[in-house]
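So the structure is just underneath, and the comments pick up after that.
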Amino acid sequence: MLVTKLKSKEEIASAVKGKVFIINCHGCKEVGFPLEDAAALQNEMKAEGQVTGIFTTDYICNPDNMKLRLSFNQADIDAADTVLVCSCGVGVQTVAEYLADKRVIAGCDTYPVPGNQGVTPLDVDCEQCGQCYLNITGGICPITACSKSLVNGPCGGTKDGKCEVDSDMECGWERIYRRLEMLGRLDILQGPVKLRDFSTDERTKETKQA
């Protein structure tokens, strides 16, 4: 299970460009979803004429279910420049994979609670590490897509686009680069190094306690 916490208004505003289509996933809302905070922010964005549509469903981490439900909102999605997804990291990654030519951003950070997570049959995971990097990596998680969980680019061991730890695995940062290149967002990689805030990672807290 998990808890999602809405990112700050400033962080979301900096990631959203142009018109936005919003997806809310309530699949795990019995554990924790920022219903009131998300609704307040989205209503504000709607009042400003920024929103092409708001779609609320459950378990968008199941791609077949998600594709069918999103098909009824395709016109609103096509009219948007950005798709804002308020869900755990698995949901954001599933939407980003499906809408690969769209700017898909995460509206929430994800924190762990003991139990099972999601129902996706995809090879997509979320470490629920608190500080979500999906908005600066094209919707591909560098923590789970990279064997070393590197957040500032590939290591020196990649060869022909493959991971040195697992030769059958694509380098996560190769995937991120290709996605950002397709979206015309390579400028993100030219900015300052993004320092990770490990205080948001529950695994770090557990290590300190041990």
Interatomic distance, NZ@K162 vs OG@S167, rounded to 0.5 Å, equals 8.5 Å
Taking every heavy atom of L70 against every heavy atom of I77, the minimum-distance pair comes out as O-CD1, 3.9 Å
OG1 of T52 to CG of D76: how many Å apart, nearest 0.5 Å?
5.0 Å
Applying side chain to side chain contact (heavy atoms under 4.5 Å, CB included) to C155 and E164, what does each step give before you reach the verdict?
CA-CA 9 Å; C155 69; E164 72 169 344; 3.9 Å; yes
Scanning both residues in full, the closest heavy-atom pair of N73 with F55 reads ND2-CD1, 3.5 Å
Rounded to the nearest 0.5 Å, what separation is found between the SG atom of C61 and the CD atom of Q93?
11.0 Å
Shared hydrophobic cluster for L189 and L134 (ILVMFWY, side-chain gaps under 4.5 Å)
no
Once you round to the nearest 0.5 Å, how far does OH of Y111 lie from SG of C129?
9.0 Å
F33 side chain reached by C86 side chain, heavy atoms, under 4.5 Å:
yes
The test is salt bridge (Lys or Arg N to Asp or Glu O under 4.0 Å); show your working for D64 and R69 and say whether it passes.
CA-CA 9 Å; D64 292 330; R69 297 188 181 191; over 6 Å; no
Please check if the side chain of S149 supplies one atom and the backbone of I143 the other of a donor-acceptor pair under 3.5 Å.
yes
Within-4.5 Å side-chain heavy-atom neighbours: I23 and M66
no
Close side-chain approach of T137 and W173, heavy atoms under 4.5 Å:
yes
Cluster question for you: counting only ILVMFWY and a side-chain heavy-atom cut-off of under 4.5 Å, with indirect links fine, are V51 and L41 together?
yes
Are V151 and I188 connected in a single hydrophobic cluster, I mean Ile/Leu/Val/Met/Phe/Trp/Tyr linked by side-chain heavy atoms less than 4.5 Å apart?
yes
Search all heavy atoms of L180 against all heavy atoms of I136 and return the closest pair with its distance.
CD1-O, 4.1 Å
In C141, C25, C126, the residue satisfying side-chain contact (heavy atoms from CB on, under 4.5 Å) with V90 is C126
Within the supplied structure, the quantity of interest is the number of heavy atoms (other residues, nucleotides, ligands) at a distance under 6.0 Å from K102 NZ; does it exceed 12?
yes
Less than 3.5 Å apart, any donor N or O on the side chain of E11 or N135 sitting next to an acceptor on the other?
no
Would you say that more than 12 heavy atoms from the other residues, nucleotides or ligands in this model lie under 6.0 Å from the CG of D166, or not?
yes
Of R175, R179, E181, which meets side-chain contact (heavy atoms from CB on, under 4.5 Å) against Y177?
E181
Assess the residue pair N24 and Q42 against the criterion (side chain to side chain contact (heavy atoms under 4.5 Å, CB included)); give the C-alpha distance rounded to whole Å, side-chain angles, the decisive distance to 0.1 Å, and a yes or no.
CA-CA 10 Å; N24 294 308; Q42 292 168 21; 2.8 Å; yes
For L150 and C146, work out which heavy atoms get closest and say how close.
N-SG, 3.4 Å
Main chain of V165, side chain of K148: is a donor-acceptor contact present, judged purely on distance under 3.5 Å?
no
Do I22 and V16 sit in one hydrophobic cluster, given that two such residues count as connected whenever their side-chain heavy atoms are within less than 4.5 Å of each other, even indirectly?
yes
Under a 4.5 Å side-chain heavy-atom rule over Ile, Leu, Val, Met, Phe, Trp and Tyr, are I54 and I60 clustered together?
no
From K19 atom NZ to D81 atom CG, the distance as rounded to the nearest 0.5 Å:
9.0 Å
Decide, yes or no, whether a salt bridge links D109 with K7 under the criterion of side-chain N to carboxylate O below 4.0 Å.
yes
For atom CD of Q74, decide whether the heavy atoms of other residues, nucleotides or ligands shown that lie under 6.0 angstrom number more than 12.
yes
Apply side chain to side chain contact (heavy atoms under 4.5 Å, CB included) to the pair R178 and E170, showing each step before the final yes or no.
CA-CA 12 Å; R178 291 198 301 269; E170 272 195 288; 2.5 Å; yes
Using the rule given for salt bridge (Lys or Arg N to Asp or Glu O under 4.0 Å), can you reason through E174 versus K159, listing the C-alpha separation, both sets of side-chain angles and the distance that settles it, and then say yes or no?
CA-CA 10 Å; E174 288 270 352; K159 184 176 181 180; over 6 Å; no
Quick check: do V20 and M45 have side-chain heavy atoms less than 4.5 Å from each other?
yes
Quick check: closest heavy atoms across P142 and I176, and the distance to 0.1 Å?
CB-CD1, 4.1 Å
CG (N152) and OH (Y133) are apart, to the nearest 0.5 Å, by 6.0 Å
Taking the side chain as everything from C-beta on, heavy atoms only, tell me whether K5 gets closer than 4.5 Å to C108.
no
Closest heavy-atom contact between C171 and T158?
SG-CG2, 3.4 Å
Does K17 form a side chain to side chain contact (heavy atoms under 4.5 Å, CB included) with R103? I'd like the steps, not just the answer.
CA-CA 8 Å; K17 302 298 180 185; R103 183 190 187 96; 3.3 Å; yes
